[in-house]
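None of these values were measured; they are calculated from a predicted model. Starting from 1, each residue takes its place in the sequence as its number. As the structure lists them, so they are numbered: ligands from 1, and atoms in each ligand from 1.
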Amino acid sequence: MANRKRAFITGISGQDGSYLSELLLDKGYEVAGFVRRNAALDFGNANEIKDEIKIYYGDLHSAESIALALLDFKPDEIYNLASLSSPFASFRDKLGTIMVTGIGALHVFERAKLIVPEAKIYQASTSEMFGAPKQIPQNEETPFNPANPYAAAKEFAHRMAVMARNDKKQSQFISCGILFNHESPRRGLNFVTRKITAAVACIKNNRKEGVPLNEIGEPIVKNGKVKLGDLEAKRDWGYAPDYVEIMWKMLQADSPDDFVVATGEVHTVREFAEEAFAVAGLNWEEYVEVDTHFIPPVQTGPLVGDSSKAKKILGWEPKTRFKDLVKIMIHSDLAKFS
Ligand code: NAP
């Protein structure tokens, strides 16, 4: 097909990268992405579509690998989704987080400016940048006050993106999506929602072998229980396929901007667990144990977003609500951990 638009995605093997690739392939794009070279040649969530996309081996640590990929592929659109994306884990690897999630994003902006200055860029910003906000719900005007190294790195990348956009000499089209938590069956097992749905499935199916490991290397279900941290943490959970759609919409707009992307619905971790166990016909209280190992040293939240600007300017609204999201994840994990 002549004149297909070209999209380059960092973090293509992640949750969002894989859904976004599928969306763009459906729209007729040529899609390429960065995969970190590893011994197992694992394309993660992009495994199913690996034959339809172009793979570049690279790492956000390496500005050269970014430059070589951009020189060769010459994308019209760049989606910078790569990051060390766990806020909890970022306390244990502060420098790595800053180098990949913060400085790595700057490498992408700077190399793009030199090599494909007309390319439109999407930067994956995050609601975590709000930290423990005084304003509820949060919108594009809410001050940032990051409470973990991941959020601090993302705030740095966000501010560099806004600076590049406002540069009077050579402005770049960089839009930032301030996305609130979004989940799916492809969410990493180190995130609380997926940990819960995988644990429910292992318990319901009485699975003894191949139980996945948690953030500290223990089986997520041990002695019939799953260990969680702060049950009262409040988050706004959406469905990842709904959220990648707005990434694309941001780059179709005439001018770059920042957009809060959220459902506007807030739930606690306890409510998520309650709902997830209930979908499988179980009572959460019999299976959940609180373990302070999983409580971060500095608390974030309550996080709940007001995405009325995204609705007004881009015509975007979330389609999938909390209960349906939990159902989708539980049904998928019941089949996966059968
Ligand atoms: P994810 O599943 O954790 O995916 C992260 C991706 O980044 C993976 O493909 C990973 O590759 C890649 N990566 C990590 N370190 C890298 C490096 N040094 N060089 C190149 N690639 C590297 O994250 P996600 O949930 O899809 O989120 C996508 C983006 O949105 C992330 O930037 C995340 O921080 C941000 N975000 C996510 C949410 C959410 O709720 N999901 C909310 C707001 C913002 P490997 O497979 O090799 O590890």
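For K154, every heavy-atom contact with ligand 1 shorter than 4.0 Å involves the side chain, none the backbone. In V100, the part holding a heavy atom less than 4.0 Å from any atom of ligand 1 is the side chain. Using a 4.0 Å cut-off between heavy atoms, R186 makes no contact with ligand 1 at all.
The distance criterion of under 3.5 Å between nitrogen or oxygen atoms is not met by E183 with respect to ligand 1. Ligand 1 has no N or O atom lying under 3.5 Å from any N or O atom of L179, backbone or side chain. For H61, no nitrogen or oxygen atom sits less than 3.5 Å from a nitrogen or oxygen atom of ligand 1, counting backbone and side chain alike. The shortest N or O to N or O distance between D59 and ligand 1 is below 3.5 Å. Taking any N or O of N80, backbone or side chain, none lies under 3.5 Å from an N or O belonging to ligand 1. Inclusion of A124 in the set of residues having an N or O under 3.5 Å from an N or O of ligand 1 is not warranted. For the pair Y150 and ligand 1, the shortest N or O to N or O distance falls below 3.5 Å. Between D16 and ligand 1, a contact under 3.5 Å exists for at least one N or O pair. Close N/O approach between F191 and ligand 1 is not found [any backbone or side-chain N/O within under 3.5 Å].
Remark: K204 is not positioned above the aromatic ring of F277, lacking an NZ or CZ atom under 6.0 angstrom from the ring centre and at most 45 degrees off the axis.
Taking the six-membered ring for Trp and thresholds of 30 and 60 degrees, W316 and Y243 have ring planes more than 60 degrees apart, a perpendicular arrangement.
Counting only non-hydrogen atoms, the option in H107, H182, M99, M129 that gets closest to atom 39 (C) of ligand 1 is H182.
Annotation for ligand 1: atoms under 4.0 Å from non-hydrogen atoms of S125 are 43 (C), 44 (C).
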Test salt bridge (Lys or Arg N to Asp or Glu O under 4.0 Å) on D16 and R186 and set out the steps.
CA-CA 9 Å; D16 292 3; R186 299 183 195 174; over 6 Å; no
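Inter-residue side-chain proximity for W237 and H267 is flagged as met; some heavy-atom pair is nearer than 4.5 Å. For the pair E215 and L189, the minimum side-chain heavy-atom distance is 4.5 Å or more. M99 has its side chain within reach of H61: a pair of non-hydrogen atoms, C-beta onward, lies under 4.5 Å apart. For the pair I66 and F34, the minimum side-chain heavy-atom distance is below 4.5 Å.
Residue R187 forms a side chain to side chain contact (heavy atoms under 4.5 Å, CB included) with just one option from V192, T193, N45, and that option is T193.
In this structure, the side chain of K120 does not engage the main chain of P256 through any donor-acceptor pair within 3.5 Å.
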